[in-house]
Amino acid sequence: MFEDFKVFKTELAGRPLVVETGKMAQLAGGSCLIRYGETEVLCTATMSDKPREGVDFFPMSIDFEEKLYSVGKIPGSFQRREGKASEKAVLAARVIDRPIRPLFPKDMRNDVGIVATVMSVDPDCLPEITAMIGVSIALSISPIPWAGPISGVSVGLVDGEYVINPTAEQRDRSEMAVTVASTDELIAMIEAGANEIDNDTMFNGIMLAHKENQKIVEFIKDIQSEIGKKKVEFVSNDPSHELFEAVKEFAIDDVKAALDTDDKRIRDERLLPIYERVHAEFDEKFPEEAEKIDDCMYKLQKFIVRRWLLDEGKRVDGRGLDDMRPLNAQIDLLSRVHGSGMFTRGQTQVLTVATLGAARDAQMLDGIDDEDTKRYIHHYNFPSYSVGETKPSRGPGRREIGHGALAERALLPVIPSVEEFPYTIRLVSEVLSSNGSTSQASICGSTLALMAAGVPIKAPVAGISCGLVTEGDRFITMVDIQGLEDFFGDMDFKVGGTKKGITAIQMDTKVHGLTPEIIKEAFEKTYKARCKILDEVILPVIPEPRKELSKYAPKMLTTKIDVDKIGDVIGKQGKVIQKICAECNCKVDVEEDGSIFITATDIDDAHRALDIIETIAKDPEVGAIYKGVVTRLMSFGAFVEIAPGKEGLVHISQLDVKRTEKVEDVVNVGDEIIVKVLPVDDQGRLNLSRRDALIEVEGLVPENTVSDAPRKPRRDFKGGRDRKHGRD
């Protein structure tokens, strides 16, 4: 039944890598089931027979499908089925997309659909790495025109040693998480998060990953040579050489004059009439290619910008290759938010807002890894007005999700732990104006917002991008690329970090890959640039995180109780904790390990709740004084609740400083009274004394007793324990 079934085996980082073809998804253009350890991903690649009409781009889509059955979970949605792709799935798809897209013919317009379906997950073998290799195999053996293969691995730094494809336990201890994709010769993609890693350590780790990738590329080439299908011909969408040369000769001087400005708006205004004149000149001369005249104008602008850079070292806006655009930083732009910062670089401007929340505000996750909550969240919004367009907002797309994740990753190493700062933190970066490098401006704006909000980050972080133009063996890099240099250049190498080291990298290319020399130069230039941003722009505005939170931010206290006492704090059907929240106007979150997080607008309310919780969770200290409420009257005394669920008896003999005939003569149900904790009796019961509390606090003298001692001053009780007796 499966005559074409083949199995190919190798080893990657000490674990078996097995590829099966010819059994599943045989109608796809290319398919394979790839097994790495016990992670198994079905990868398929299919191309349409005809090009899509009316598009000026290569229409490829990549879907990374997380199936929760792969980790033995049933989806938590109402329908109990997977919904739209999670953010992690989107990010995995982008990581696969970036190294393979430049290897397709740039003039092809046939739709290509790639699907990686995660069917089984071994925590020690990352499914996105497995999928990247599987997609490369599916494309290589398919008839789809593609200049691969590529391979991808991750590299960690554990106890000072590099580890290829670290296990789950090793990833928890690793100082960096770097994904590197390579062709047989060049480095095609880098995605990294790191704990302030220096340039040399990062570079050496990337080179080690590249060397490992080259082994897998040779393995894929062997599979391709054995079962690969012949690549099909496709209809090129490129304009004819004759049309391009005619447009170039007619408009090159006008286009040069239009491009020569540092203002994007002026450039666009200058180009508009040139487009009109070119169409008027050539629409009738080249009627069969009239729709490709705009493509010729795009190619002409690209030609001019690249020639300026390569031949003259000239940038469109007149800057030197290592010069940044004008920089500006501001904080406290919004009145009632918890923290805000705006970073401007030329015509790129991003406003980031920080919001602090309780532990319960952490994001709940339902994915195929072990992470189920996230307390630090970064969102990035890119409205159409930021580029002068009028498109309706449809929510974040893949680009917005990717840029938000990059900024989040860049700041994550400096975010304080929950023990140091027990808040959920959300950052929102609003792109107000865009002319390149908005993700890196988001990193800078986020540093400003966090410090303005009083978040004690470990170090300020800045981000900067480096561009590239190549011609044969020649290359030129430039710092802080604007939109035009991104569109017409060969690389967008984004690096975020502190002055100490790198915290995040995202490297995209439009060419087949980069040499080690280009990567090393990009590291050097971005380090100098981000240090300048920190020293000259960010730190003069706010040199360190504020010591006090905004008056509008919630105030939080934490404590930890015995796990055995969690039930007492929560109470039957949650009644105790609900009562605490209502009485103290606060929120209380209880973790499984006994950690308690109390959030309130007023710090005094938080302290009251803390007192009550500690009273419930800990045996009341003998001699401590509390304010309690009378709950029941008996002939022999009154029961008093000193905290929800914590009740003790005041014997009739302990109700007053004078003799008491009836309990009702002294107290009634609902009265608030002060009581002192007495030693526990033989039966372990909580005993209280109003009499001793009055003597100590009010300075009253028992009946038939004479005392020359001065009375103690009266204390003002607001509930809970007196500060002298243990209130925090």
Side-chain angles (χ1 to χ4, degrees), residues 85-92 94-95 177 191-196 329 331 333-334 337-343 348-359 361-365 367 369 371-383 386 395-418 421 423-432 434 437-465 494-498 502-506 530 538 545 553:
S86 68
E87 287 195 3
K88 288 189 176 180
V90 170
L91 297 174
R94 282 172 56 86
V95 164
E191 180 86 14
N195 188 17
E196 299 182 277
I331 58 173
L333 291 95
L334 305 175
V337 303
H338 301 163
S340 61
M342 187 169 73
F343 185 81
T348 290
Q349 186 177 70
V350 178
L351 171 66
T352 299
V353 179
T355 306
L356 307 179
D361 294 323
Q363 183 179 0
M364 305 296 292
L365 304 175
D369 58 14
E371 188 179 17
D372 53 9
T373 61
K374 185 166 70 169
R375 65 176 280 263
Y376 164 56
I377 308 158
H378 194 128
H379 291 148
Y380 166 102
N381 297 318
F382 191 90
S386 67
R398 293 194 171 201
R399 179 181 178 277
E400 286 86 349
I401 291 172
H403 280 13
L406 174 60
E408 181 176 294
R409 175 173 269 188
L411 273 298
L412 184 60
V414 302
I415 295 294
S417 67
V418 68
F421 192 72
Y423 287 87
T424 295
I425 305 166
R426 181 184 184 230
L427 295 178
V428 180
S429 291
E430 306 284 1
V431 178
L432 306 181
S434 172
S437 296
T438 54
S439 63
Q440 303 309 286
S442 298
I443 294 172
C444 299
S446 298
T447 291
L448 292 165
L450 285 167
M451 292 202 293
V455 179
I457 59 174
K458 299 171 185 176
V461 181
I464 192 68
S465 62
K494 310 179 187 79
V495 182
T498 64
I502 295 168
T503 57
I505 300 173
Q506 188 176 92
R530 75 172 184 267
I538 292 178

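For clarity, every value in this text was computed on a predicted model and none was experimentally measured.
Remark: side-chain polar atoms of Ser340 are paired, donor with acceptor, to backbone N or O of Leu333 under 3.5 angstrom. Checked by atom type and distance alone, the side chain of Arg409 never pairs as donor or acceptor with a backbone atom of Thr503 at under 3.5 Å. Distance alone, capped at 3.5 Å, places no donor-acceptor pair between the Arg375 side chain and the Ile425 backbone.
Looking at heavy atoms from C-beta onward, Val350 lies out of side-chain contact with Tyr380 at the 4.5 angstrom threshold. Put simply, the side chain of Pro545 does not reach to within 4.5 Å of the side chain of Leu450, judged on heavy atoms. Thr373 places a side-chain heavy atom less than 4.5 Å from the side chain of Met364.
Across Lys494 and Ser439, no two heavy atoms sit closer than the pair CD-OG, 3.3 Å. Minimum interatomic distance between Gly445 and Phe343 (heavy atoms only, all atoms of both residues): N-CB, 3.8 Å. Closest heavy-atom contact between Ser442 and Ala407: CB-CB, 4.3 Å.
In this structure, the separation between CZ on Arg426 and OG1 on Thr355 is 6.5 Å, given to the nearest 0.5 Å. Distance check: Arg399 CZ to Phe382 CZ gives 4.5 Å after rounding to the nearest 0.5 Å. Distance check, rounded to the nearest 0.5 Å: CD of Gln349 to OG1 of Thr438 gives 12.5 Å. Note: Ile538 CD1 to Arg530 CZ = 12.0 Å, rounded to the nearest 0.5 Å.
The side-chain hydrogen bond (donor to acceptor under 3.5 Å, both in side chains) test with Ser429 singles out one residue from Glu408, His379, His378, and that residue is His378.
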*Test log, rule side chain to side chain contact (heavy atoms under 4.5 Å, CB included), inputs Leu427 and Tyr376*: CA-CA 8 Å; Leu427 295 178; Tyr376 164 56; 3.7 Å; yes
*Would Lys374 and Leu365 satisfy side chain to side chain contact (heavy atoms under 4.5 Å, CB included), going step by step from the backbone distance to the final call?*
CA-CA 7 Å; Lys374 185 166 70 169; Leu365 304 175; 4.3 Å; yes
*side chain to side chain contact (heavy atoms under 4.5 Å, CB included) between Met342 and Leu448, intermediate numbers included*: CA-CA 7 Å; Met342 187 169 73; Leu448 292 165; over 6 Å; no
*Where do Leu351 and Leu334 land on the side chain to side chain contact (heavy atoms under 4.5 Å, CB included) test, with the steps shown first?*
CA-CA 10 Å; Leu351 171 66; Leu334 305 175; 4.3 Å; yes
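In this structure, a donor-acceptor pair under 3.5 Å is absent between the side chains of Gln440 and Ser465.
Of the charged side-chain nitrogens involved, at least one lies within less than 4.0 Å of a carboxylate oxygen, so that Glu371 and Lys88 count as a salt-bridged pair.
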